[in-house]
Q: 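Below is the structure I would like to discuss, written out as structure tokens.
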Amino acid sequence: MNAAAPRTPRVLLIDDEVDFAKMLGTMLRTRGYNTTIVHSGWEAREEIKNNPPEVALVDLKLPDTDGIQLLGLIKEVSPDTEVVILTGYADLESALKALHLGAFGYLRKPCSPDRLFLSIENALRHRRQKSSESELLGKVLQATNLPVAAFHPRTGTIIASTPAFVQLIQKNEPAAYEKMNLKMLFNGNDTKFAEYQETLNKLHRAEVEIELDNGSPPKHHYKLLSLLSPDPDTALALLFDISSYHQELHRNRKTIDYLKAIWENIATGVMIVDSRFTIQDVNPCFARWYNLRVEDLVGRKCHEILHHLSHPCHLYGESCPIIKSMASGTVSRVQYYHIVSAGSATQKVAGTGNGTTGTADASGDNPRYMETVVAPLYDENGTQIAFVVLITDLTEIKRAHDDLEKKSAQLKELNEALLQQQEQLEKQAEELKKSNLELLRLSAAKDEFVATVSHELRTPLTVIAESISLIADCDDDTAKGKRQKLIQAAQRNCRRLTELIEDLLDLAKLEAGRMHTTPVEFNILKLSQEVIESLHPVFKEKGLMMKTEFPSQPLMVNADERHIRRILLNLLSNAIKFTPAGEIIVRVEQQGNEVVVAVIDTGIGIPEEEQKNIFNRFYQVQQKTGVRAPGTGLGLAITRELVTLNNGRIWFTSTPGKGSAFYFTIPLKPITKSSGD
Ligand code: ADP
């Protein structure tokens, strides 16, 4: 604000009494005031707008307007103009009102020139003083960052303001600085502004919350605080940004609303009890469970409501979760079966686990599975002041949980059964695989067997057929000796064929389990001796030494004599066949419950890699000479079957080039077997 310029003060005289005005105007001009005279409110308005005076002398009684109204207009258009009211006696009351509305002073008409000049001078002094105060205020305001302004309390016109204030007001509503008005903060709500002004006038202080659009959503909230200065023409306005407080408040309100909705509608019973077990509050769900109204429960003791006990339940030895929470200072939780008697709100408690204990009632009761959670509440000093007790009906959840557990156990069982079945199936598959392989092996063996048998049969048959046809072709001159040889060859091969066929039949019988034993008691030494003697001509022919190593006493065994004879015959025949020179020993000795018979030779032996095969059917070790040894390759296969059939075992040792030893056992103890072939 600028101080008044050092120029002739301008005085506007507004009076409809022309002569009085003229006289007064002359006096004023004489005194040096730049004086303009108008006679109506309308003229005055124009003059003030176009050329605002320092002092306006206003007659209250004007033809076209009320002096009070004119005063308001002057203060609005030119707040710096000091107004001195000219009034008659009758208008004294109005003059006082005008003073209240901001007029500087009043003069009773007619007045002395001295009084008039004094009044004008005082007004001018006051104006100057105000102007310098405004200037000072302006300077102070410029120096602060706060949104502060000085304004005319009656018009709202801004006299001076800080840049922060201007910025805020301009963001909210763009306006030239000169046109700025506190009213603009009220977003066009004139009634609200009027109320604010009234409060300011009455209490010299007013505050209101306003919303300002400062460009960034959401709108910012401010508190507008105004203070009336001792000069009734000036008031100070301060804007406080209370947006964050407002947001916090809004959030809190929302939270409270949510909590209220939860409290009202949650299916969990909530009870607040103090440390003396007095119910402070309960939610509607809790009250419903007990068939009582909230107000009937508040103030009662919880043990009285929950357990129908006159004293705290822990005194009766009950395990109370509130007591637990009280003692531990933390949350306690119990689950238990709660028995609600049919047709009554009376409740008994059947405790489980660490829950509250009690007794189940007779039939007709409806057991519910409940959970009680107790959380202690503390004041700012850390003292326990109350407990929040949450009671939830978990019956359905528990039921579902139990069902699930049962089903899960069933599934587990089923799974185990399936696993077992799978294992069995896998085993069966494995066995099938083995059987299949065995079948394949057997099939291959059968093919090989058929091929071998065919070969074995064809060879002697060819010899026989050849011999017969040669004999047939023989003429009478053919030497008898030659014919004899051919007949012998045919006979030999016939024997070989017979032996082969017998061996085959015996092996088939043995393998099919159709060969039976006829066990008898006999002396094995005697039998062995007989077999050796039957082969004597062959030993002799080959020049082999024959030795026996027998105990001195007869050795009685229980077995099928025919079978043992055949076993001995086979082993001895092989020993003779595969021993070009040297000796053969037959050793018989008792070992424990059995007799071990050994046929030992000093023959060609069996190569190590062949040893595992010699009990196979038709297996014959390839001779170094390439010449096929006589025999069918069935002897050892039959021998092994016969030993097994007579409850014995057979094995051998052999060293190529040095000889072989075949061993078999016969039980000493009589064996019980059904007889018959
Ligand atoms: P074979 O009718 O050929 O004698 P075996 O089944 O009795 O048939 O014997 C099978 C094969 O075992 C014989 O061909 C032979 O190669 C071998 N073998 C059996 N006994 C002896 C032995 N004492 N010394 C050497 N090799 C033997």
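Quick note: numbers below take in every heavy atom, side chains included, and nothing from hydrogens, waters or symmetry partners. Every number for a ligand or one of its atoms is a count from 1 in the order of the listing.
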Q: Scan side-chain atoms only and decide if Gln421 and Glu423 contain a donor-acceptor pair under the 3.5 Å cut-off.
A: no
Q: Applying a heavy-atom cut-off of 4.0 Å, say which part of Glu610 lies close to ligand 1: side chain, backbone, both or neither.
A: neither
Q: Counting from 1, what ligand 1 atoms have a heavy atom of Tyr619 closer than 4.0 Å?
A: 10 (C), 11 (C)
Q: Which label fits Tyr369 and Tyr337: parallel for a plane angle under 30°, tilted from 30 to 60°, or perpendicular past 60°?
A: perpendicular
Q: Tell me the contacting part of Asp601 for ligand 1: side chain, backbone, both, or neither, using a 4.0 Å heavy-atom threshold, strictly below.
A: side chain
Q: Could you walk me through whether Gln422 and Glu426 pass the side-chain hydrogen bond (donor to acceptor under 3.5 Å, both in side chains) test, one step at a time?
A: CA-CA 6 Å; Gln422 190 185 340; Glu426 275 171 6; 3.3 Å; yes
Q: Tell me whether ligand 1 is touched by Ile606 - counting only heavy atoms on the residue side and a distance under 4.0 Å.
A: yes
Q: Would you say ligand 1 has an N or O under 3.5 Å from any N or O of Val621?
A: yes
Q: With distance as the sole criterion, is a donor-acceptor pair present between the side chains of Gln428 and Gln424 under 3.5 Å?
A: no
Q: Checking Lys658 side chain against Thr602 main chain: does a donor-acceptor pair fall under 3.5 Å?
A: no
Q: Would Leu636 count as a polar contact of ligand 1, with the cut-off being nitrogen or oxygen pairs under 3.5 Å?
A: yes
Q: Would you tell me whether Asn646 and Thr517 have side-chain atoms, one donor and one acceptor, within less than 3.5 Å of each other?
A: no
Q: With heavy-atom distances below 4.0 Å as the criterion, list the atoms of ligand 1 near Lys577.
A: 1 (P), 2 (O), 3 (O), 4 (O)
Q: Give the atom numbers and elements of ligand 1 that come within less than 4.0 Å of a heavy atom of Gly633.
A: 1 (P), 2 (O), 3 (O), 6 (O), 8 (O)
Q: Enumerate the atoms of ligand 1 whose separation from the nearest heavy atom of Ser660 is less than 4.0 angstrom.
A: 24 (N)
Q: Just say parallel, tilted or perpendicular for the rings of Phe615 and Phe662, cut-offs at 30° and 60°.
A: perpendicular
